[in-house]
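Here's the structure we're looking at; comments come further down.
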Amino acid sequence: MQSTNMTDLALLQRAKDVAVSLAEEAGDIQRAAQHDDNQVHYKGSIDLVTDADIASEKLISAGILREFPEHRLTGEEGAVGSTEHGYRWLIDPIDGTTNFAHGQPHWAVSICLEHQGNPVMGVVYDVAKREMFTAITGQGAYLNGKPIKASSADELIQAMGATGFSYDISERANSFRLWESFNQNARAMRRNGAAALDMVWVACGRLDFYFERPINNWDVSAGVIICREAGAQVSRTNGEPYQIEDREICATNGLLHEQVIQLIHQTLADEAS
Ligand code: LIP
């Protein structure tokens, strides 16, 4: 676990407080907008963006730059950038956009602060359930202020997992193969449609594992630090160390990691042979 000196820790605690406040403000916008005639735009044939996405990202970005003008920003809807001082924020104003646009109560605001490629602070806010997941490196992971930890399932057949599917339908073939394979080898599989919530559900034990490829770093980076601080394990889908620019993720309770990585490898190798 990375040691954090006092100055950094004070900055990270301030960053968490700012992120929590901005996530709650964005959540208020989203709750009010979900059932209005919220203008839906198409980034692709099934890749949606709503006015609430755009308004939330503007609010969050402006709030962060007001407090941390020297930090850089990366967001799903094209957030602004600034001079880099080793710190970068990754923002997904609405993770689970399709759920949100269809009126389903399962989406999140995801805000991560990374330092030199390492997620060091994460906030994931489940707006509909008013569940605030937070973590700072070395300081533990919390749900509404209460400590959380990953599950203790140690056999895949006793485990519940989740995954997701790309907006690019041509990229889904391997995901479908993995979906079938894990449905045959795990107790149950879910496709919840919000990567940030899948990640924090691994952190709090509601899921035993989650993997997805491709997935954007703004979807999962806050979940990475929350998982790590909750005792979960995070890697690439082949077991290699996760890197912040990766477009894939595998998060488990740690006990199942090898079994999950092995089944992913075996399923895709069988297909290739
Ligand atoms: C979504 C993820 C989901 C994935 C979708 C999409 P968005 O993020 O949360 O897990 O399967 O393809 O990436 O677009 O709602 O922020």
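Just follow the structure's listing: the first ligand is 1, and inside any ligand the first atom is 1. Atoms considered below: every heavy atom in the structure, side chains included; atoms not considered: hydrogens, waters and symmetry mates. Bear in mind the structure is a predicted one, so any value in this text is a computation, not a measurement.
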Asn99 to ligand 1, any heavy atom closer than 4.0 Å: no
Residues Arg206, Glu131: salt bridge by 4.0 Å N-O rule: yes
Min N/O separation Thr97 to ligand 1 under 3.5 Å: yes
Transitive ILVMFWY side-chain link Ile261 to Leu178, under 4.5 Å: no
Within the 6.0 Å centroid threshold, strictly below: His115 and Trp89: no
Sub-3.5 Å N/O-N/O distance, Asp198 and ligand 1: no
Ring geometry between Phe165 and Phe176 (parallel below 30°, tilted from 30 to 60°, perpendicular above 60°): tilted
Ligand 1-proximal atoms of Glu171, by part, heavy-atom distance under 4.0 Å: neither
Per-atom contacts, ligand 1 versus Arg191 - under 4.0 Å to a heavy atom: 11 (O)
Numbering as shown, the atoms of ligand 1 that approach Gly164 to under 4.0 Å (heavy-atom distance): 11 (O)
Path from Leu12 to Met132 over hydrophobic side-chain contacts below 4.5 Å: yes
Mode of Asp219 contact toward ligand 1 - side chain, backbone, both, neither (heavy atoms, under 4.0 Å): side chain
Ligand-side contact atoms (ligand 1) for residue partner Asp92, heavy atom cut-off under 4.0 Å: 16 (O)
Separation of His106 NE2 from Phe100 CZ (nearest 0.5 Å): 14.5 Å
Heavy-atom neighbours of Arg88 CZ exceed 12 at 6.0 Å: yes
Joint cluster assignment, Leu73 & Tyr125, ILVMFWY side-chain distance < 4.5 Å: yes
Geometric N/O contact Ile215 with ligand 1, under 3.5 angstrom: no
Ala195 N/O under 3.5 Å from ligand 1 N/O: yes
Within-cut-off N or O pair, Ser166 and ligand 1, under 3.5 Å: no
Region of Trp107 engaging ligand 1 - heavy atom pairs below 4.0 Å: neither
